[in-house]
Protein chains: 2
Amino acid sequence: MKSTIHDVAKLAGVSNMTVSRVLNDSTHVRPLTRQRVLKAIADLHYLPNPAARTLSSSQSRTIGLVITDLANPFFVGIVRGVEAFVRQRGYGVILSHTEEDLSRERESLHTLRAAKVDGVIWVPCGDESTDHASILIEENIPTVVMDRLMPGAPYFDAVISDNRAAAKALTLHLLKAAGTPVRGVFGNPITSVVQERLLGFRDALNESNIPWNADFAIYRNPVMPESPILADLQSGNCPIKGVLAWNNVAAAAVFREAIAANIRVPDNLVIATFGNPDPYQVTPGYFLLAEQDPFQMGFSGAQQLFTRIEHESDDDGSRKTFIIPVYIGFREHALQ
Amino acid sequence: MKSTIHDVAKLAGVSNMTVSRVLNDSTHVRPLTRQRVLKAIADLHYLPNPAARTLSSSQSRTIGLVITDLANPFFVGIVRGVEAFVRQRGYGVILSHTEEDLSRERESLHTLRAAKVDGVIWVPCGDESTDHASILIEENIPTVVMDRLMPGAPYFDAVISDNRAAAKALTLHLLKAAGTPVRGVFGNPITSVVQERLLGFRDALNESNIPWNADFAIYRNPVMPESPILADLQSGNCPIKGVLAWNNVAAAAVFREAIAANIRVPDNLVIATFGNPDPYQVTPGYFLLAEQDPFQMGFSGAQQLFTRIEHESDDDGSRKTFIIPVYIGFREHALQ
DNA sequence: GTGAAAGCGCTAACAG
DNA sequence: CTGTTAGCGCTTTCAC
């Protein structure tokens, strides 16, 4: 029932080490011996004890995935992408949920380090997450930073979207589709995503010869806005024609407000935002969308992580940043 | 940098065992000694090695969470609820994603057993999952079955919705709101959820003196329907007034089709379904909704699991099934 | 209340 | 190609 490597060895008539070699795919085993061992393994329904393996090898065949917000389907998409890649390599995923909280992030990273994860995929909380980089660096744990960049931390590979360029292109589309005035809703600018999208928004207005005005953008820190966004955006008596919402959640809030105010979307108000098609298209919406594919981002990130893990010895210190392209178009279905 | 229990012991001037006792909250340590040990732990930034702990104690301070579909926000809600409870107990969660695949489920369960998880929360793939129960039972791993029941497996605690009663009540509401005819869309009846909701649907028609007809319900196995549901439901020339969709994904599909066909929802077609308010209300929809709260289900399930884990010794073999109430009402926002 | 000794099940490092 | 010897860092068991 609960057999050990020793039981297998005895049954196969070899030593523990030979069994271990078979388990770890070492080629230094005679085919016939390997057969005998494999048969013993099958007969006993033997499964290696991961704790023992980790203790003696300091490797866990496990990676850590640090995510900020599981309630946001965008990040769940990343989780699915990572999981899909990692499982095909026979690795496990330890999921950590920080809820955008820096102290939880610190704790998560320490826990993962203690668990001897072989690598980490990390969506940092924001700029201050840089302080936590050392937790990973000290142990030389291969790491891929995801979606958000931290300032002054070029120690890690990264997978991000080209937020500035995409926000600019999206805003130009918005201007074309909606006319003026357009406004922007942004989150707390503690993440590179918000910062870059804001820059792109300004780039577009600039290129369109619309002089910048601080009123053009508002910032809403909490995920759920506490006061009406559309009203706060409105200044002067010319009704807003278009809104750039920095992410899916903000866009949803604007959409709800518009519906509540009997403003037809997109006829009388165009909402442009970033997101991805909901795989199940749970509910329809009408958005001008810069499509991100979080599943792909997660998958690519995991892929890059594994090339690091598998070639850890020949690490020359260089790091790559992968910029995932963004497709812009009208979408008649749900965003996510 | 990487200190062990021995380093702590040396620094505190005690033996390994005393440190271990402090770590495990044993009361058999003199307060003063405890102080010294705690200081040494802090000074060294000592973190216990989980692999060593697991190896020597056969306990991992970790639970397994087996989920069928991460792309469905309903199950993500469960994950969030479980995670929230478990982390406050200082435990970790190993997430397994089966994608409704029985062989992946088998594999997941074996992996969790090998990892010495202290408990499992399990959304089974369906009726045939009963075959996998032994994997957990053999090792006496406390387990809570979630959302779906397996036939002939009363070995586990369970957290489910009262699907039959809720489906009946929901259908009665639907009949009142929409009039006749109403139809039902169901999934593959390999899960208790589908079976029970179908029974509830029939109960309601029965009680309303509408003689049952096999055409009243159709079954769509894949998550995304391959052919138009509404067209397949339509029989005769009286247009359908209401649809009971067995879950959120099916409801979304029906909703999309209605919009595409210029059928106004809910004015000309009422869609009744099960779901829960999207925490971020990403996009609005108009449904007659039997509200489930997956976060609460996950949270409650974890709670029950921990009472088992903590009182494993005095297990009298009895098992509890928790039936989570369902609230029925019109919802003007997104379902999930 | 504290310590010494003996593993938990595996792999690293060396022999042969 | 295969085996032997030592641990990995903790907890268990039993002393005192």
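A note on names: the letters A, B, ... follow the listed sequences, proteins ahead of strands, and every chain is numbered from 1.
Listed pair A/Arg53 / C/dT11 meets the phosphate criterion, a side-chain N or O lying under 4.0 Å from OP1 or OP2. For A/Ser20, a side-chain nitrogen or oxygen approaches OP1 or OP2 of C/dT11 to under 4.0 Å. The phosphate of C/dT2 has OP1 or OP2 within less than 4.0 Å of a side-chain N or O from B/Thr33. Here A/Thr18 reaches the OP1 or OP2 of D/dG3: one of its side-chain N or O atoms lies under 4.0 Å away. Remark: B/Ser15 is in phosphate contact with C/dG3, judged by side-chain N or O atoms under 4.0 Å from OP1 or OP2.
One can place CD of B/Gln35 at 15 Å from P of C/dG1, the figure rounded to the nearest angstrom. A/His28 has its NE2 atom 14 Å from the C1' atom of C/dC14, to the nearest Å. For the pair B/Asn16 CG and C/dA4 C1', the computed distance is 10 Å after rounding to whole Å. Separating the CG atom of B/Asp118 from the P atom of D/dT11 is a distance of 13 Å, rounded to the nearest angstrom. Counting to the nearest Å, the P atom of D/dT11 and the CG atom of A/Asn49 are 15 Å from each other. One can place CZ of A/Arg21 at 8 Å from C1' of D/dC1, the figure rounded to the nearest angstrom. Protein atom CD of B/Gln59 is 11 Å distant from nucleotide atom P of D/dT11, rounded to whole Å. Per the geometry, CG belonging to A/Leu44 stands 15 Å off C1' belonging to C/dG9, to the nearest Å.
In this structure, a donor-acceptor pair under 3.5 Å is absent between the side chains of B/Gln59 and B/Asp118.
When the shell of 6.0 Å around CZ of A/Arg34 is examined, it contains more than 12 heavy atoms from other residues, nucleotides or ligands.
Between B/Asn24 and A/Val29, the residue anchored closer to the 5' end of DNA chain D is A/Val29, taking for each the nucleotide with the nearest heavy atom. When each of B/Met17 and A/Ala52 is assigned the nucleotide of DNA chain C with its nearest heavy atom, B/Met17 is the one assigned upstream, toward the 5' end.
Residue contacts for A/Ser58: at a heavy-atom cut-off of 4.0 Å it reaches no nucleic acid atom on any strand shown.
Checking each of A/Arg106, A/Arg148, A/Glu105 against A/Ser129 for a side-chain contact (heavy atoms from CB on, under 4.5 Å) leaves exactly one that passes, namely A/Glu105.
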Inset, instruction - Report the C-alpha distance between A/Glu138 and B/Lys2 in whole Å, list the side-chain angles of each, state the deciding distance to 0.1 Å, and finish with yes or no for salt bridge (charged side-chain N to carboxylate O under 4.0 Å, His left out). - result: CA-CA 10 Å; A/Glu138 279 170 9; B/Lys2 43 184 350 181; over 6 Å; no

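Salt bridge status for A/Arg89 with A/Glu310: present, with a side-chain N to carboxylate O gap under 4.0 Å.
Relative to the side chain of B/Arg30, the nucleotides C/dG1, C/dG7, C/dG9 differ in distance, and C/dG1 lies closest.
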